[in-house]
Amino acid sequence: MSKLTIKLLAKELGLAVSTVSKALRDSHEISAETKAKVLEFADKHNYVPNPYASSLRKQKSKTIAVVLPEVADSFFSLAINGIESVAREKGYHVLIYLTHESLEREEIILSDFNSGRVDGILISVSQQTSNGAHIKKAMAAGLPIVFFDRICEDVPAAKITTDDFESCYMATKHLVIKGCKKIAYLSISKNLSINQKREEGYRKALDDAGIKADEELIVECGNEEKEHYSTILTLLKAKDRPDGIIASVEKLVPPVYTCCNNLKLQIPSQVKVISFTNLATSPILNPPLSTITQPAFEMGSKAASLLFRGIEKPSFNLSTEKLVIASALQKRESTDF
């Protein structure tokens, strides 16, 4: 069934539009039996009353939603700039919604959009999101959706990503060339598709170098700052500690540097460090940090441009659109160039 409106709902039930409208408003004029019939059918077909219907009958909301796990990460800040640059040209407003890495919060946010509040959604999923059932429900309600960076593989929607496998392969190979034999890979969640691809690139680079992957060096650090620090501290205090570290996300950089400093471990002579990050301060850290820099602004602008194609032309098939934009390795002193 196409996007369910109150007129289609009334037609399917063989009732007058006014009757359905009153039933949905729990009017005393409608019998309990009819109310139950209307509500059951509406729920089954994911119908959500549109509070903006009267004012938006002939126009769109001129608003898009951007759903993010956080904004502290420099990647998302730059991506928002890219998104807004396109939205501004289109005369659209951008609403930012934060899930704080919570699947429950992400589900609530997506559910709220079914009311017609926004014309489309750009989303980078939380670290707890392992499937996209709630996202599919929003799509079924007729909302165009584009993933960027963090995606759900099981959802047939447009996806803008970077070359996670290749870039982590490149980072690992760089550390191998610099003489590292025990390279640790740090992540925050095994659920995330980007993490899975990065880990695959890490494993492949080790295998190509004739180094067997040590499962003890593939570490999930969680989401809390204290957990990051304690996990990394334990790793670096071990007798068989790593001589190289790949941080798969930016938020792991501060605890890595702090732990090395507290343990009097010298970067890069005793442990070499590289991270996926767009931090503008990377060149002035002590020592300057080698990075895999993602094309954040470009990913945001490309995702927004694609979303607007879906908004402006509903017949355009967003589900087949896939774009991979390459990241770049920036060598600095933390890996001894």
Side-chain angles (χ1 to χ4, degrees), residues 1-68 87 90-100 102-123 125-126 128-129 131-146 152 154-157 307-319:
M1 182 180 294
S2 59
K3 184 175 181 180
L4 193 59
T5 64
I6 194 168
K7 288 183 178 180
L8 286 174
L9 183 58
K11 182 178 179 180
E12 292 291 329
L13 291 169
L15 299 171
V17 172
S18 59
T19 300
V20 172
S21 177
K22 290 176 181 178
L24 292 170
R25 296 200 310 270
D26 196 26
S27 171
H28 68 277
E29 300 177 55
I30 306 301
S31 69
E33 181 180 352
T34 300
K35 288 178 186 176
K37 179 181 178 181
V38 171
L39 292 173
E40 181 181 359
F41 188 88
D43 183 65
K44 180 180 179 181
H45 294 281
N46 301 320
Y47 173 76
V48 179
N50 185 352
Y52 307 101
S54 59
S55 63
L56 299 179
R57 194 167 289 128
K58 294 183 179 180
Q59 62 182 8
K60 296 183 180 294
S61 71
K62 303 297 286 184
T63 302
I64 61 170
V66 182
V67 183
L68 304 171
K90 296 288 185 179
Y92 265 70
H93 299 290
V94 177
L95 296 179
I96 309 296
Y97 294 81
L98 301 181
T99 64
H100 300 291
S102 166
L103 172 59
E104 180 181 8
R105 177 64 182 152
E106 188 173 281
E107 290 173 336
I108 292 171
I109 291 170
L110 268 290
S111 178
D112 286 347
F113 293 153
N114 292 343
S115 65
R117 182 174 300 172
V118 299
D119 297 335
I121 303 168
L122 294 168
I123 184 170
V125 300
S126 80
Q128 295 180 350
T129 305
N131 71 76
H134 56 300
I135 300 171
K136 291 177 182 177
K137 190 172 183 179
M139 292 173 65
L143 278 170
I145 292 179
V146 175
C152 280
D154 67 316
V155 178
L307 180 66
F308 281 114
R309 287 185 67 186
I311 292 172
E312 295 166 355
K313 190 176 181 181
S315 61
F316 175 63
N317 186 7
L318 273 176
S319 66

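In this chain, residues are counted from 1 in sequence order. Here the structure is a predicted model, which is why all the values come from computation and not from measurement.
- Annotation: side chain to side chain contact (heavy atoms under 4.5 Å, CB included) contacts of Lys44 (sequence neighbours excluded): none.
- The shortest side-chain heavy-atom distance between Ile108 and Arg105 falls under the 4.5 Å cut-off.
- Using a 4.5 Å cut-off on side-chain heavy atoms (C-beta onward), Ile311 and Ile64 make contact.
- One distance of note links CG of Asn317 with CZ of Arg309; it measures 10.5 Å at 0.5 Å rounding.
- The side-chain hydrogen bond (donor to acceptor under 3.5 Å, both in side chains) pairs that include a residue from residues 132-142 are Glu106-His134, where partners are two or more places apart or lie in different chains.
- Remark: Ser18 pairs with no residue by the side-chain hydrogen bond (donor to acceptor under 3.5 Å, both in side chains) rule, at least two apart or across chains.
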What side-chain donor-acceptor pairs closer than 3.5 Å can you find for residues 90-98, not counting sequence neighbours?
| from | atom 1 | to | atom 2 | distance (Å) |
| --- | --- | --- | --- | --- |
| Lys90 | NZ | Glu312 | OE2 | 3.1 |
| Tyr92 | OH | Asp119 | OD2 | 3.0 |

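- The number of heavy-atom neighbours closer than 6.0 Å to NZ of Lys11, taken from other residues, nucleotides and ligands shown, is 12 or below.
- Closest approach of Leu307 and Pro144 over heavy atoms only: CD1-O, 3.4 Å.
- The two atoms that bring Ala138 and Leu110 nearest to each other are CB-CD1, 3.7 Å, heavy atoms only.
- Across all their heavy atoms, Phe113 and Ala65 have their closest contact at CZ-CB, 3.4 Å.
- Rounding to the nearest 0.5 angstrom, the gap separating the OG atom in Ser21 from the CG atom in Leu15 is 12.0 Å.
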side-chain contact (heavy atoms from CB on, under 4.5 Å) between Val67 and Thr99, intermediate numbers included: CA-CA 7 Å; Val67 183; Thr99 64; 3.6 Å; yes
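- Qualifying side-chain hydrogen bond (donor to acceptor under 3.5 Å, both in side chains) partners for Thr63, counting only residues two or more places apart in sequence or in other chains: none.
- Taking 4.5 Å as the limit, some side-chain heavy atom of Leu24 sits within range of a side-chain heavy atom of Val38.
- When side chains are defined from C-beta on, Ile109 does not count as touching Asp112, because their heavy atoms never get closer than 4.5 Å.
- With sequence neighbours left out, the salt bridge (charged side-chain N to carboxylate O under 4.0 Å, His left out) criterion links Glu33 to no other residue.
- Heavy atoms only, all atoms of each residue included: Thr34 and Ser31 are closest at OG1-OG, 3.0 Å.
- Pairing each heavy atom of Pro156 with each of Asp154, the nearest pair is CD-O, 3.6 Å.
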side-chain contact (heavy atoms from CB on, under 4.5 Å) assessment of Ile135 paired with Val125: CA-CA 10 Å; Ile135 300 171; Val125 300; 4.0 Å; yes
